[in-house]
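Chain naming here is simple, since letters A, B, ... match the order of the sequence lines and numbering starts at 1 in each.
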Amino acid sequence: MNRNRHLLVLGGGLAGHATAVAARHNGYEGRITILSDEPDRPYDRTPLSKAVLQGKQEAQDLFFQSVEAYREQRIDLWTGVLATGVDLDARVVELNTGESIGYDELMIATGARPRRLPCPGEDLPGVHYLRTIADAKSIMNDLNDAEMVLIAGAGFIGSEVAASARLLGKQVLLADMLSAPMENALGKEISAICAAIHEDHGVELRMRCRVVELHGTERVEEAEFDNGERIRFDAVVAGIGVEPCIELFWDTGIGIDNGILVNEFCETSVPGVYAAGDIANWWHPGVNRRFRVEHFDNAGAQGTAAGKVIAGQRDEPFAPVPYFWSDQYDTNIQYAGYPIAQYEIVLRGDAEERQVTGFYLQEGKIHGAVTVNRPREFRAARRMVAARAEIDPELLTNPDTDLRKLSREYR
Amino acid sequence: MTAQNEYVEVMPADMLEDGEMYPFEIDSEQLMLAVVDGEIHALSGICTHEYAELWEGEIEDDTIWCPLHSSGFNVASGDATNFPAVIPLPVYDVKVEDGKVFVSRQPVKNDPDDR
């Protein structure tokens with residue numbers, strides 16, 4: 001490894017941070033630069049929709065590490081700088097400052113950005129999207145004076161923001177085209193419990209429903225739904241998914257399909273160029289398929305894996321069990337497994353008590369597992385997913401079964 | 001003011017099982033013993049990411065997994081080995097004398113007061 005090399009990390013989210021730290025930690029001796037268009041050094045976005053909105057955590061407590069720690073690791077932080085062009089043949093990135101910066105290794109960790117509502121009025125003041133600290137601050141400002149809040153989209157961000165707004169005492173209407181919150185991620189049985197949890201807390205749900213226009217003169221005042229109904233709102237937060245930030249790479253010849261294509265070593269089609277996190281569409285050698293994962297855990301784990309490869313340790317393919325969590329009100333939801341498609345579900349626990357562990361079976365094998373307010377069982381359930389275990393459903397549902405003991409053989 | 005080298009008796013060593021965690025309190029701090037390969041470790045029992053009682057989680061190999069968000073900590077060093085936690089767990093010294101486990105009153109590593 002050569003001290004004259006330069007690893008340039010595009011993107012200052014978790015995947016970029018993890019790549020830089022892991023590359024250094026695993027022996028990369030050259031220069032490392034993280035380039036971020038945000039004003040702040042890398043930080044944890046996951047509390048933005050929860051503790052930060054609820055006023056329980058300050059933005060300055062979100063940073064992954066101190067400025068001094070980056071200095072000690074000889075990682076240069078270039079914040080507030082936007083990459084405007086890239087030449088993969090010349091190995092040069094152009095910046096909005098007019099400068100350009102060369103590299104030997106390039107990590108593409110530009111992440112994803114919130115999808116805009118596809119309706120008139122989506123850009124009115126008072127209509128918010130949540131990705132950054134600045135977004136969270138602007139939502140908090142608006143929520144201060146708001147009574148009625150519309151949350152458009154009941155995925156992760158929408159469900160968590162709905163819970164936070166409700167905890168702040170706002171009247172909340174949560175709307176989605178699907179039939180229940182988090183349905184895409186968790187399927188209809190668990191999403192029905194998610195719906196019940198919102199209703200327990202006084203959120204009004206409008207499912208199978210679409211916002212067709214947002215009305216207002218100086219700011220948003222009213223939402224119009226596809227059934228013709230118009231309802232007054234003081235603020236709107238949209239969480240209808242994200243799209244990968246790939247525009248810099250369209251004309252570079254690099255392999256693109258729903259994000260930047262990478263193999264199980266985070267390598268793109270261009271030698272020396274890697275991708276990780278929300279933007280990476282990766283090949284999972286354990287289940288022989290590709291997916292793009294928009295979750296915190298993957299950004300950290302894949303960034304770390306890429307950093308090792310960049311440092312020359314190309315021995316272990318990246319083949320984890322994907323994982324995500326969500327906290328809403330006092331409910332902790334965790335899922336380990338592959339994106340759900342066709343499945344049979346086996347449930348244990350008590351849906352009325354909002355405490356359930358669910359196993360998603362494909363061809364009899366455990367392909368995913370969820371815990372709703374049953375964190376003690378999560379790790380055991382995850383081990384069964386990792387082993388793609390085949391276990392008698394009656395044993396799984398039996399309340400007398402100790403999952404930790406049952407999963408011991410997969411440890 | 002308590003002496004740095006002070007130890008507190010926690011529990012009989014023969015009660016401990018491999019791969020398990022045991023919560024206890026010293027000066028209303030929530031600590032735990034974690035046993036791996038016959039080795040007894042004492043660490044803070046509260047996740048450094050967000051409040052969670054780590055002894056409700058599980059140990060796999062030498063990693064303690066938080067039950068709520070899957071932060072990972074090395075059982076011996078306290079190092080945060082899996083996000084979302086980035087701050088290491090305070091580690092306490094352990095002595096076994098006359099079949100009893102004693103734990104140092106102060107952390108010997110990753111003391112939050114030193115940060």
Checking [X] against chain B: side chain, backbone, both or neither under 4.5 Å from a heavy atom?
X	value
A:Ala51	neither
A:Thr304	side chain
A:Arg374	neither
A:Phe64	both

| note | Assert top hit (heavy-atom pairs under 4.5 Å, partner chain B, pool A:Gln65, A:Arg404, A:Glu377, A:Arg376) equals A:Arg404
| Which residues, numbered in order, of residues 33-43 of chain B come under 4.5 angstrom of chain A by heavy-atom distance? | none
| task | Anything in residues 56-63 of chain B with a heavy-atom distance to chain A below 4.5 Å? Please list those residues in order. | result | B:Glu56, B:Gly57, B:Glu58, B:Ile59, B:Glu60
Hey, are [Y] and [X] close enough side-chain-wise for a donor-acceptor pair under 3.5 Å?
X	Y	answer
A:Asp327	A:Asn332	yes
A:Ser326	A:Glu160	yes
A:Arg45	A:Tyr43	yes

| request: Could you label the plane-to-plane angle of the A:Phe296 and A:Trp325 rings as parallel, tilted or perpendicular, counting under 30° as parallel and over 60° as perpendicular? | output: perpendicular
| note | Checking B:Val103, B:Asp93, B:Ile26 against B:Tyr7 for side chain to side chain contact (heavy atoms under 4.5 Å, CB included), the one that qualifies is B:Asp93
Rounded at 0.5 Å granularity, tell me how far [atom1] in [X] sits from [atom2] in [Y].
X	Y	atom1	atom2	answer
A:Arg348	A:Leu396	CZ	CG	7.5 Å
A:Phe378	A:Leu403	CZ	CG	12.0 Å
A:Thr132	A:Asp40	OG1	CG	9.0 Å
A:Glu38	A:Arg41	CD	CZ	13.0 Å

| request: Go through the structure and list residues passing side-chain contact (heavy atoms from CB on, under 4.5 Å) with A:Asn298, not counting sequence neighbours. | output: A:Trp282, A:Val293, A:Gln302, A:Phe318
| Is A:Arg292 paired with A:Asp278 through a side-chain N to carboxylate O contact shorter than 4.0 Å? | no
| query | Can you name the one residue among A:Tyr323, A:Phe156, A:Phe324 that meets ring pair (Phe, Tyr, Trp, His ring centres under 6.0 Å) with A:Tyr335? | reply | A:Phe324
| field | A:Ser159 side chain near A:Met182 side chain, heavy-atom distance below 4.5 Å | value | yes
| Whether over 12 other heavy atoms sit under 6.0 Å from B:Asp98 CG | no
| request: For chain B, find its close neighbours in residues 14-22 of chain A: heavy-atom separation under 4.5 Å, sorted by number, or none. | output: A:Leu14, A:His17, A:Ala18
| What about the rings of A:Tyr338 and A:Tyr360, do their centers lie closer together than 6.0 Å? | no
